[in-house]
Amino acid sequence: MISVFGSVNMDLTFQLRSLPSVGETVLTPGFSEAVGGKGANQAIAAVRDGAATRFTGCLGDDAFGAQVRAALQAEGIDLAALATVAGKTALASIWVDEGGDNMIAVASGANAMVTSEALSPSTLNEETLVVLQMEVPVVEIEAVIAKAKQAGARVLLNLAPALPIAIGALKQLDILVLNEHEAGTLCAQLELAAATPDEQLAALTGQLDASVIITLGAAGVVARHQGETYQAPALAIKPVDTTGAGDCFVGVFAAGLDAGLSFDAALSRAAVAGSLACTVVGAMPSFPTRDRIDEAIASGA
Ligand code: RIB
């Protein structure tokens with residue numbers, strides 16, 4: 001069972017010719033809306049790859065909240081711990097340019113109300129893989145890590161965005177997933193001299209007990225697990241929108257481990273899924289099903 005604890009947003013995505021510079025106004029014919037938030041995205045990616053998935057988070061009691069809940073329900077995610085509180089559902093404004101690059105601003109809204117108490121200890125055991133990201137209060141993330149480890153669960157943290165977190169919490173992780181930028185930020189926070197992904201992997205695994213994965217966009221992923229170095233390529237695709245590709249990677253990687261795949265096999269499968277997520281506009285609308293991932297692995301496209 002995968003237990004995702006984290007953020008859930010409504011994503012409003014604007015496709016633009018180019019991203020505006022400071023003080024500039026750019027026009028576009030319309031926008032698309034979909035469920036987003038790194039937590040909800042990771043839960044959706046995992047459930048689409050066939051994993052039994054629970055999501056703990058917080059929605060506002062507004063129209064977006066009702067819309068998001070219905071969409072998550074339709075995916076088949078266990079929402080027993082998804083609360084609705086007075087106030088606004090988190091909202092992400094996402095700008096995507098013609099090259100697929102993006103800028104994102106998130107108004108946290110109800111995400112700021114998520115508490116570790118919402119994650120019931122009775123749902124945590126050795127069979128649980130707890131998945132976290134950094135868009136809800138860090139103090140609650142640290143509390144969930146401690147609670148999950150106490151119950152014997154495995155814990156994966158996706159340090160996105162790369163906000164400061166207690167070293168004591170990082171030292172309890174089983175798996176840490178970062179992109180290149182986040183790896184650089186964390187190494188700087190920990191005062192580790194490391195410039196390249198290989199150096200960052202060595203520095204971080206030297207400091208933490210966790211397996212560490214660094215996602216490199218079109219260059220795939222590199223990882224260090226139980227003293228071995230692994231890499232997995234991305235698919236050769238033309239990116240349309242990279243939003244949520246990292247979330248798709250995390251959800252599918254977690255689903256792979258939950259299904260009993262080796263670290264290496266889960267890494268390769270997730271790298272393929274993350275690539276597929278760049279071929280469609282939006283985060284959750286771009287996440288592949290299990291069959292689509294299998295097909296891409298078989299055909300290489
Ligand atoms: O990682 C992509 C996600 O970041 C988007 O869905 C947006 O909501 C922000 O949280």
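Remember, it's 1-based here, ligands and their atoms both numbered in the order they're listed. Only heavy atoms go into these numbers, but all of them, side chains included; no hydrogens, no water, no symmetry mates. Every value quoted in this text rests on a predicted model; they were computed, and no experiment measured them.
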Only counting residues at least two apart or in another chain, list the ones meeting side chain to side chain contact (heavy atoms under 4.5 Å, CB included) with V106.
-> N9, A92, I104, E135
Intermediate values then yes/no, side-chain contact (heavy atoms from CB on, under 4.5 Å), I167 and L208 = CA-CA 9 Å; I167 183 73; L208 311 172; 4.0 Å; yes
Which protein N or O atoms sit under 3.5 Å from any N or O of ligand 1? Give each pair with its distance.
residue  : atom   : partner : partner atom : Å
ligand 1 : 1 (O)  : K38     : NZ           : 2.8
ligand 1 : 1 (O)  : D247    : OD2          : 2.7
ligand 1 : 4 (O)  : K38     : NZ           : 3.2
ligand 1 : 6 (O)  : D11     : OD1          : 3.4
ligand 1 : 6 (O)  : D11     : OD2          : 2.6
ligand 1 : 6 (O)  : G37     : N            : 3.1
ligand 1 : 6 (O)  : N41     : ND2          : 3.0
ligand 1 : 8 (O)  : N9      : ND2          : 2.8
ligand 1 : 8 (O)  : D11     : OD1          : 2.5
ligand 1 : 8 (O)  : G37     : N            : 2.9
ligand 1 : 10 (O) : N9      : ND2          : 3.1
ligand 1 : 10 (O) : E135    : OE1          : 3.1
ligand 1 : 10 (O) : E135    : OE2          : 2.7

Out of curiosity, F5 CZ to Q133 CD, how far, rounded to the nearest 0.5 Å?
-> 9.0 Å
Pick out which of S275, C278, P288 makes a side-chain contact (heavy atoms from CB on, under 4.5 Å) with C248.
-> P288
Any side-chain heavy-atom pair from L157 and I141 closer than 4.5 angstrom?
-> yes
Does V4 share a hydrophobic cluster with F287, counting links as ILVMFWY side-chain heavy atoms below 4.5 Å and allowing steps through other members?
-> yes
